[in-house]
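The basis for the numbers below is simple: all heavy atoms, side chains too, and nothing from hydrogens, waters or symmetry mates.
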Amino acid sequence: MARTVRIEYPGAVYHIQSKGNRNMVIFEDDDDRTGFLDLAGEACRRYGWQVYAYALMDDHFHLLAETPQPNLSDGMKWLMTLYSRQFNKRHGYTGHVFGSRYQASLVEASNPHYLSTLADYIHLNPARRGAARFENFLSASRWTSLPSWMRPEIRPGWLHPERALKCHGCCDDDEGRRLYYHRIIACFESQEMDEFRLRPAGHTGKGTVQRGWCYGSRTFRLYILSRIREFSRSIHAGESGAQRQEAAEQAAENIVKKGGVVLGLTERDLLHTPFSHPGKLAIALAVRRHTPVPYAWIVRRLNMGNPRSLGTLLHRAKALYADDTTFRKRVDSLAADIPTAPYRRNGEPF
C-alpha cells in the first residue's frame, strides 16, 4: 500500500500522533517524559514551530502544532530520531522505539470549532484512559499541556495556548483559564470525550479528531486537494532537498557572521583560537539551537575539531548557558534577529 503523501505548506497546523513499537511504552518514567518535552522545545526553536497542546501517554503522544515554514517532516525526523537514541541509551535497549510512521492530520485551524475540539480531545487523554478523576483531574493531567494552560508561570516558551483558548471564547487570563477548565470538566462529567462525541458544530464530512489525513470542513479538504501537487512533499523532495540545505546553511552563516561582529572574532581568530574558546562555544550553540545544520558543518566552519569532539564542546556550552547569565544573553542575541532557515521551492522564499 502506498504511503499517504506528506502535505506541507507555510502556516499548516497538524495533529501529530505516534505510538510505540508493537504498542509498547515509549515513556517508562518521568525522566523520559521530561527528556521528550525538552527535545520538543528544541525542535520548536530549530524549526520555528508553535505548539498549542500536547499529551504524553505511556505508549503514545499527541502534539497540536503549527509549522510557519513547511518543515514538518524534517522536524519530526529530528525529534523522533534523537528521542529514540536517548530512550534506548538510557534503558539499554536496541531497535525501534516508535512502531510506524507518525500520523500527521492537517487541521482547519482557521475554523475555531476544529482547533478547539482537538485541544479538548488531547487534554482529555488521561480521562479516557481512566487515570483522571474529578478530584485529581489536573494532577492526573500532569503530562499534558493542561497544567501549563492553567498556570502561565510554569508554561514553557514554546507552548502557545492563546489561539486555542480564543477558539473557546476565552482569553489567556485568570477568568478565561477558569472558564476553559470548567469546560473540560463538563466534558469529562458528561462522558463526551471520544472521537465520535467530540465533533465540531456542523461537521458532517470525513475525518475525526483521531482518524484521517485531514480534520476540517469539506471546503477546506477540497482546497487542499486542489493544490495537492504544490503542497505534497514527495513530489518536490528531490528538487527542494538541496535548497532546504542551502537555506539552513545560509541561516547558520548569518549567525556566525553576527557572532564575529558581536564577539570581536575575525575569520583568522576562528581558525586559530582553541576549540573551547568561549566565543566559539557561544556561536556553535546558537547555530545548533536555531538551525538544522549538522555537526560537520559547524566543525568545518568554526574549526572545532571533529563531530565527535563537538558533542563534548556543546555539552560544555549548554552548561554555561544554564549557569552563566552573560553567556546565555550572548547566545540568545546571536540569533535574535535571524529567522529560522526557511525551506524554499523553485528558489523563491516563502
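Met80 is listed as a side-chain neighbour of Ser18, based on a closest heavy-atom distance under 4.5 Å. Put simply, the side chain of Tyr9 does not reach to within 4.5 Å of the side chain of Arg227, judged on heavy atoms. Taking the side chain as every heavy atom from C-beta outward, Leu115 and Leu64 approach each other to under 4.5 Å. With contacts defined as side-chain heavy-atom distances shorter than 4.5 Å, the pair Val107/Glu66 does not qualify. Side-chain contact between Trp158 and Gln50: absent, with no pair of heavy atoms (C-beta onward) separated by less than 4.5 Å. Taking the side chain as every heavy atom from C-beta outward, Leu79 and Met76 approach each other to under 4.5 Å. At a threshold of 4.5 Å between non-hydrogen side-chain atoms, the residues Pro156 and Leu37 do not count as touching. Contact annotation: the side chain of Trp78 never approaches that of Pro292 to less than 4.5 Å [non-hydrogen atoms, C-beta and beyond].
At a threshold of 4.0 Å, the pair Asp30-Arg33 counts as salt-bridged, since one of the basic side-chain nitrogens sits closer than that to a carboxylate oxygen. Remark: Arg6 does not engage Asp74 in a salt bridge, criterion side-chain N to carboxylate O under 4.0 Å.
Taking OG1 of Thr312 as the reference point, atom CG of Asn306 lies at 9.0 Å (rounded to 0.5 Å). Rounding to the nearest 0.5 Å places CG of Asn23 at 12.5 Å from CG of Asp58. Distance SG/Cys44 to CG/Leu159: 9.0 Å, rounded to 0.5 Å. How far CD of Gln17 is from OG of Ser105: 6.0 Å, rounded to the nearest 0.5 Å. Summarising the geometry, atom CG belonging to Leu138 is positioned 5.0 Å from atom OH belonging to Tyr181; distances are rounded to the nearest 0.5 Å. Residue Leu285 holds its CG atom at 12.0 Å from NE2 of His315, rounded to the nearest 0.5 Å.
Panel note: side chain Lys280, backbone Leu302; a donor-acceptor pair is recorded below 3.5 Å. Between the side chain of Arg46 and the backbone N or O of Thr291, at least one donor-acceptor pair lies under 3.5 Å. Side chain of Asp269 to backbone of Thr266: a donor-acceptor contact under 3.5 angstrom is found. Of the possible polar contacts, none joining the Arg45 side chain to the His290 backbone as a donor-acceptor pair under 3.5 Å is found. Remark: side-chain polar atoms of Asn88 are paired, donor with acceptor, to backbone N or O of Gly95 under 3.5 angstrom. The main-chain N or O of Pro112 is found under 3.5 Å from a side-chain atom of Ser116 such that the two form a donor-acceptor pair. Formation of a donor-acceptor pair under 3.5 Å by the His277 side chain with backbone atoms of Gly279 is found in this model. When atom types are taken as modelled, the side chain of Asp59 and the backbone of Met24 share no donor-acceptor pair closer than 3.5 angstrom. With Gln69 contributing its side chain and Pro10 its backbone, the two residues share no donor-acceptor pair below 3.5 Å. Between the Ser84 side chain and the Val97 main chain, no donor and acceptor come within less than 3.5 Å of each other.
Contact record, Ala104 with Tyr14: CB-CD2, 4.1 Å, taken as the closest heavy-atom pair. Listed here is the closest heavy atom pair of Val13 and Ala109: CG2-CB, 3.6 Å. Contact between Tyr52 and His160 at its shortest, heavy atoms only, is CD2-O, 3.0 Å. Residues Cys170 and Tyr180 share a closest heavy-atom pair of SG-N, 4.1 Å. The nearest pair of heavy atoms linking Thr144 to Ala55 is CG2-CB, 3.9 Å. Closest approach of Ala12 to Leu106, counting heavy atoms only: CB-CD2, 4.0 Å.
Under a cutoff of 6.0 Å and an axis angle of 45°, Arg330 and Tyr321 do not form a cation-pi pair.
In summary, of the residues considered (Tyr83, Trp143, Phe61), a ring pair (Phe, Tyr, Trp, His ring centres under 6.0 Å) with Phe27 occurs for Tyr83 alone. Among the candidates Arg163, Arg178, Arg177, the single residue satisfying the salt bridge (Lys or Arg N to Asp or Glu O under 4.0 Å) test with Asp172 is Arg177.
Listed by first and then second residue, the salt bridge (Lys or Arg N to Asp or Glu O under 4.0 Å) pairs that reach into residues 299-327 are Glu253-Arg301, Glu267-Arg301, sequence neighbours excluded.
Residues Tyr47 and Glu42 have side chains that never bring a donor and an acceptor to within less than 3.5 angstrom of each other. Using a 3.5 Å distance cut-off with no hydrogens or angles, the side chains of Glu8 and Ser73 do pair a donor with an acceptor.
Residues Ile224 and Leu222 fall into different hydrophobic clusters, defined by Ile, Leu, Val, Met, Phe, Trp and Tyr side chains chained together at heavy-atom separations under 4.5 Å. Note on Phe36: it does not cluster hydrophobically with Val25, by side-chain heavy-atom contacts below 4.5 Å among ILVMFWY residues. Each of Ile184 and Leu179 belongs to its own hydrophobic cluster when Ile, Leu, Val, Met, Phe, Trp and Tyr are linked at side-chain heavy-atom distances under 4.5 angstrom.
His272 NE2: more than 12 foreign heavy atoms inside a 6.0 Å radius. For Met150, the CE atom is densely surrounded, since the number of other residues' heavy atoms within 6.0 Å is greater than 12.
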Practice task
Please report the C-alpha distance between His15 and Tyr121 in whole Å, then the side-chain angles of each, then the deciding distance to 0.1 Å, and finally whether the side-chain contact (heavy atoms from CB on, under 4.5 Å) criterion is met.
Solution key: CA-CA 11 Å; His15 176 205; Tyr121 177 80; 4.3 Å; yes
Handout entry: Test side-chain contact (heavy atoms from CB on, under 4.5 Å) applied to Leu165 and Cys171, step by step
Key = CA-CA 6 Å; Leu165 282 169; Cys171 296; over 6 Å; no
Exercise for the section: Decide yes or no on side-chain contact (heavy atoms from CB on, under 4.5 Å) for Leu63 and Ile122, but give the supporting numbers first. Expected result: CA-CA 8 Å; Leu63 292 175; Ile122 290 172; over 6 Å; no
Exercise for the section: Start with the C-alpha gap between Asn111 and Phe220, add the side-chain angles, then the distance that decides, and say whether side-chain contact (heavy atoms from CB on, under 4.5 Å) holds. Expected result: CA-CA 10 Å; Asn111 185 326; Phe220 178 72; over 6 Å; no
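The aromatic rings of Trp149 and His123 sit perpendicular to each other, their planes meeting at more than 60°, with 30° as the lower class boundary.
The side-chain contact (heavy atoms from CB on, under 4.5 Å) check on His96 picks up Asn21, with sequence neighbours excluded.
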